[in-house]
Amino acid sequence: MECVVQGIIETQHVEALEILLQGLCGVPKERIRVHELCLKSGPSLAVPSEIRLLCDLAQPTPSWTVRHVGGAMRGAGAEQISVLVRTMVESKVSNNALRFFYSLGYKLDHELLKIGFAFRFQRGAPITVTVTSANKMPKLHATDEAVPVTPGIQMVEITAPTAGDNYNEVGAAVSSFCEYLAPLLHLSKPGVSTGIVPTAAAAAASLLSNTGGKII
Amino acid sequence: MSSQILAEVCQCVEGFGSAAKEGRWRTTLTIYRPVARDPSSTATSAPVPMPGDLPRDFLGLTLHDRPGAYFFILRHHRLILQADANVQSLMDKLQSYKARVVLHFEGFQYQLGDFMLRVGKCVQSHADTLRGIMMEVEYLPLSSIDKSRQIMEDFLDIWQDAVIKKSLPGQFINVELNFADYGLQDQYTPQHTALQYATCIVQLMATVRS
């Protein structure tokens, strides 16, 4: 399972966000270039399901992961916390995974190229912050020709694993961290639209001027 | 097929004198079946593909010496996928395929010079009926299949002679596999082992049917 929040930020403010995250996390950023293929079960299978195949193109040798994101936790406990708690299982797989799931009756629904960076650190819980642009491909699997789906806007996602019995503590750690980012962006449960934060421009300008526009 | 025969097979190995018993091993093979939609139950007018397009030869394996890995095999498609062990949890959540039969290959392993032998029975999970007896022979110094082919054949000849002298009912059958059909190379890997277990179970089922 995992706790997750999302938000959006204008591309022009991403550099400032990176400076802020660098200072908060104290770890080097990781480059993200992931080809994400969303597969859905075909009509022959009785139970509809969806998986994502992730091909990490940032490494010298591409590596593959299969991920299944399940339903969100419901009930009074879920409504009281500011993060989404959902099941998530992922596994490393060999590079013939796409052909494998096609053979099992899955069909490609859509594919994206996610480009950006991530910070992974420990702050009350192991937290991952990813900042990415989503890019679509004009031709099948043509990652070199990908163009932004929403030019000028990038997505920020914060996730933290939870065992299920500690989601309150993990959720609190994520929420606490989100407060540091509030001047630049607002993070909330996926599906809850919050838009651009009005203070983002001023906050970004402040961050850039304080560091001379340099990322240390 | 009985535990007595298995015990005599083990005695064959131990009769080689220098064989050192090294403990137990277990490999688990799962036969999956699709959870297919009933074509007659669809409410739409659009044609639904018959479930016949879904694979019926879908196997999963956990190898005794690779507990952190899981292997999926689609025999008709000549496809083997290696994944982390938790991929089983992912498949459970998808509910697109269910485990129908689980078989355990388990027994004792012996070090015999440069060879590692694993002798064991094949039993269905939660059942005592012995489905078959199998032996895995590993030649430790080499990982090239071509280079080790002759010595493996020589060992199997010696083994068959020992079994014949014991007057055991039945015989060990070595089914040759064309690993290249699955895109595997000459260097031996756990994927090769997984394929051999899959072939073993197919051979076992064919023998039972005949």
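Hydrogens, waters and symmetry mates play no part in the numbers below; they use all other heavy atoms, side chains included. To find a chain, count down the sequence lines: A is the first, B the second, and so on, and within it residues start at 1.
- With sequence neighbours left out, the side-chain hydrogen bond (donor to acceptor under 3.5 Å, both in side chains) criterion links K114(A) to E36(A).
- For the set H77(B), H76(B), Q95(B), the count of heavy-atom pairs under 4.5 angstrom toward chain A peaks at H77(B).
- Counting heavy atoms from C-beta on, the side chains of Q88(B) and T62(B) come closer than 4.5 Å.
- Ring geometry for H35(A) versus H141(A): interplanar angle over 60°, hence perpendicular rather than tilted (30 to 60°).
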Worked check of side chain to side chain donor-acceptor pair (under 3.5 Å) between Y188(B) and S148(B): CA-CA 10 Å; Y188(B) 198 83; S148(B) 57; over 6 Å; no
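- With a threshold of 4.5 angstrom between heavy atoms, Y32(B) does not approach chain A through any atom at all.
- For a residue to count as touching a neighbouring chain, one of its non-hydrogen atoms must lie under 4.5 Å from one of that chain's; by this rule S41(A) does not touch chain B.
- For L90(B), the parts lying near chain A are the backbone and the side chain together; criterion is any non-hydrogen pair under 4.5 Å.
- Contact of R67(A) with chain B is made through the backbone alone, with heavy-atom distances under 4.5 Å.
- Under the 6.0 Å cut-off for aromatic ring centres, F177(A) and F121(A) qualify, their centroids lying closer than that.
- Ring orientation note: the planes of F16(B) and W159(B) are tilted relative to one another, at an angle of 30° to 60°.
- Of the two parts of Y70(B), neither the backbone nor the side chain holds a non-hydrogen atom closer than 4.5 Å to a non-hydrogen atom of chain A.
- For the set V87(B), I80(B), L79(B), the count of heavy-atom pairs under 4.5 angstrom toward chain A peaks at L79(B).
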